[in-house]
S.K.: 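Before I ask anything, here is the structure I am working with.
Because the structure is predicted, anything quoted here is derived from the model rather than measured.
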Amino acid sequence: MATWSSCLHIALPVPSFLAAMMRTDRVLAAWIRARRALSMSPGQLAMRRASMWRKLQPVIALTPARARYAGRDLAEFPVTEIADLRADYGAWNSLDMSDGELRELAAAAEQDTAVGELSAGWSTGTGGGARGLFLASPAERADYIGQSLARLLPARALLKRQRLALHLRASNALYSDVGRGRFTFAHFPLEASIEQSIAGLAQFAPTILIAPPHRLAAFAEAGAHFPSLQYLFCGSEPAGDAERHYFTERLGVRPRQIYQATEGFLAAECANGRLHLNDHAMAIELEPVPGTPGYRPIITDLRRTSQPIVRVRGDDYLELDCCSCPCGFAGRVIHAPQGRVNDIWRFADRSVTPPQVVAALETVLGGDNIWQAEAGPERVVLHLSPLCPAAISTTAARALSQACALQVPVEVAHDLSAWSGPKRRKVVWRDG
């Protein structure tokens, strides 16, 4: 009997036009499934997740890290930390591939080297440099594209030709597969300068742009103008309300947020500006974070088969938005994540969450000033641009201290001239 591994690695002599048709059919099927889910009730979504979970069991039985639990209820599976998953990717795939093989595959993808139909890639990484490996088959990529289109774009947008620009650290077949039919795709690496990126984007004339907030901020500050742009999405790092309003004013298009991690496509913003968890395809448990009103996600992706993600504890700090949304999608609504659980400020008398810090500082600094608030047990340092006026700096420090009821001093350092690294972190906790 053929194994999953051999089935995915054998290159069958399928004519290119037939392969393209099969991909299109898979994308369309995924789009239809996701669009139907947008009108389901919470109970119907729960039944859908239960059905998807049952269908996932044969794949789990082939995944070393989870095989012994196959057939059980989800709640009986242990919770795994992301660091443990990343220590051995060989244990977290159903294709009988080793950790070394997968890392080589991801490294080849970084160099745009094709290795069969299976694709792998590295995430952007955190401020600490840790990156996650993502694995996907052609069917999974088609499913990802279909549900992304259903969640992010109105149906009428699919009837027109679109030019999609992805402005992230690296490209991958997961994204470039969308460059077929009515979609033209181009990747613009973050390593390029702001001037190079603006020039390249202007020449490409995107109708859709996906980029991290710190690059959108740089585009806005540089006065970039993309007349063809109709849909703007930001992801990979937090963005506050004031900052997104600044992007809207300068770039002419309101950015919608995508919440995605190596562990899955977790949430997307609807047309009403509310960030919904993708409860149609994910089983996301919310684990309370002590001393706060928020949670951290425990993630199960119900559509991942090459690299099953089952009860993996994420490190983002989330808060629920309990107001109902008129868009009709029953997926739970969350406030946009503003930081990680380990960046909650843990003082002796109280905790201060990233959303509290962002809200306090954006009130004074708005969306056009760069800043980072770094706290430790003895003090808080507010890093600002050297160009930030002293009066605003003083007001911002006072506002932060008062809004968060801080019992430690807030110092100001005008030493943040530009963001560096794969991702920015606006709220940081260092306990020594």
Side-chain angles (χ1 to χ4, degrees), residues 30-53 74-75 146-157 213 231-235 238-245 247-248 253-261 263-289 292-303 314 316-339 341 353-360 362-363 367 403:
W31 183 87
I32 292 172
R33 285 195 300 268
R35 294 295 291 189
R36 286 175 176 169
L38 296 183
S39 60
M40 290 181 177
S41 68
Q44 289 172 322
L45 286 179
M47 291 176 61
R48 172 190 168 97
R49 290 194 299 271
S51 174
M52 295 171 72
W53 173 247
L74 179 60
Q147 71 162 314
S148 296
L149 293 175
R151 292 288 284 114
L152 302 177
L153 296 176
R156 65 180 182 275
Y231 305 99
L232 178 62
F233 300 96
C234 59
D241 291 339
E243 188 173 39
R244 283 182 283 131
H245 181 69
F247 299 159
T248 304
V253 181
R254 183 180 71 85
R256 287 167 61 180
Q257 296 195 88
I258 302 173
Y259 177 27
Q260 180 170 294
E263 293 72 42
F265 179 22
L266 303 181
E269 186 177 329
C270 72
N272 291 292
R274 310 290 290 284
L275 190 62
H276 292 260
L277 290 175
N278 285 334
D279 285 334
H280 67 290
M282 308 284 294
I284 301 175
E285 305 165 67
L286 296 178
E287 180 181 73
V289 176
T292 78
Y295 307 85
R296 65 190 304 169
I298 297 175
I299 305 163
T300 299
D301 191 329
L302 298 170
R303 299 205 66 83
D316 290 318
Y317 174 78
L318 309 179
E319 290 186 358
L320 284 170
D321 182 346
C322 296
C323 297
S324 61
C325 181
C327 79
F329 180 40
R332 290 165 292 175
V333 181
I334 60 171
H335 293 291
Q338 297 296 338
V341 170
T353 66
Q356 289 177 289
V357 177
V358 172
E362 281 198 338
T363 301

S.K.: Taking the side chain as every heavy atom from C-beta outward, state whether R35 and L38 have any pair of such atoms under 4.5 Å apart.
M.R.: yes

S.K.: Does E269 come within less than 4.0 Å of R254, counting only side-chain N to carboxylate O?
M.R.: yes

S.K.: Looking at every heavy atom in both C270 and H276, which two are closest together, and how far apart are they?
M.R.: SG-NE2, 3.6 Å

S.K.: Specify the closest pair of heavy atoms between A330 and L45, including all atoms of both residues, with the distance to one decimal.
M.R.: CB-CD1, 3.8 Å

S.K.: Does the Q356 side chain pair with the main chain of T353, one donor and one acceptor, at a distance under 3.5 Å?
M.R.: yes

S.K.: State whether the side chain of Q147 and the backbone N or O of A34 hold a donor-acceptor pair below 3.5 Å, judged by distance alone.
M.R.: no

S.K.: For P255 versus C234, what's the shortest heavy-atom pair and its separation?
M.R.: CB-SG, 4.2 Å

S.K.: Mind listing the closest non-hydrogen atom pair of Y317 and P293 along with its distance?
M.R.: OH-CD, 3.4 Å

S.K.: Within this structure, what is the CD-CD1 distance for the pair E263 and I284, rounded to the nearest 0.5 Å?
M.R.: 11.0 Å

S.K.: Is the shortest side-chain heavy-atom distance between L74 and E285 below 4.5 Å?
M.R.: yes

S.K.: Please report the shortest heavy-atom distance between A268 and L275, naming the atom on each side.
M.R.: C-CD1, 3.5 Å

S.K.: Answer yes or no: is there a side-chain heavy-atom contact under 4.5 Å between P355 and E319?
M.R.: yes

S.K.: Quick one: does R274's side chain have a donor or acceptor within less than 3.5 Å of a partner on C327's backbone?
M.R.: no

S.K.: Would M282 and L266 count as a side chain to side chain contact (heavy atoms under 4.5 Å, CB included) here? Give the steps.
M.R.: CA-CA 7 Å; M282 308 284 294; L266 303 181; 3.4 Å; yes

S.K.: Find out whether L153 and F233 are in side-chain contact, i.e. whether some heavy atom of one side chain is under 4.5 Å from a heavy atom of the other.
M.R.: yes

S.K.: Can you tell whether the side chains of R332 and D279 come within less than 4.0 Å, N to carboxylate O?
M.R.: yes

S.K.: For V253 and L232, which heavy atoms make the closest approach, and how far apart are they?
M.R.: O-CD2, 3.6 Å

S.K.: Donor-acceptor pair, distance only, cut-off 3.5 Å: does the side chain of Q257 make one with the backbone of A336?
M.R.: no

S.K.: With a 4.5 Å limit on heavy-atom distance, are the side chains of L318 and P297 in contact?
M.R.: yes

S.K.: Checking side-chain polar atoms at under 3.5 Å, does N278 have a donor or acceptor matched by the opposite partner on Y259?
M.R.: no

S.K.: Does the side chain of Q260 come within less than 4.5 Å of F265's, by heavy atoms?
M.R.: yes

S.K.: Using 30° and 60° as the class limits, which term best fits the ring planes of H280 and F329: parallel, tilted or perpendicular?
M.R.: perpendicular

S.K.: Would you please test L152 and Y231 for side chain to side chain contact (heavy atoms under 4.5 Å, CB included) and show each step?
M.R.: CA-CA 9 Å; L152 302 177; Y231 305 99; over 6 Å; no

S.K.: Any donor-acceptor pair under 3.5 Å linking the side chain of S51 with the backbone of R48?
M.R.: no

S.K.: With side chain to side chain contact (heavy atoms under 4.5 Å, CB included) as the criterion, how do L277 and I334 come out once you've worked through the C-alpha distance, each side chain's angles and the decisive distance to 0.1 Å?
M.R.: CA-CA 7 Å; L277 290 175; I334 60 171; 3.9 Å; yes

S.K.: Taking it one step at a time, do T300 and I298 satisfy side chain to side chain contact (heavy atoms under 4.5 Å, CB included)?
M.R.: CA-CA 7 Å; T300 299; I298 297 175; 5.6 Å; no

S.K.: Hey, are the side chains of L320 and L286 touching, using non-hydrogen atoms and a 4.5 Å cut-off?
M.R.: yes

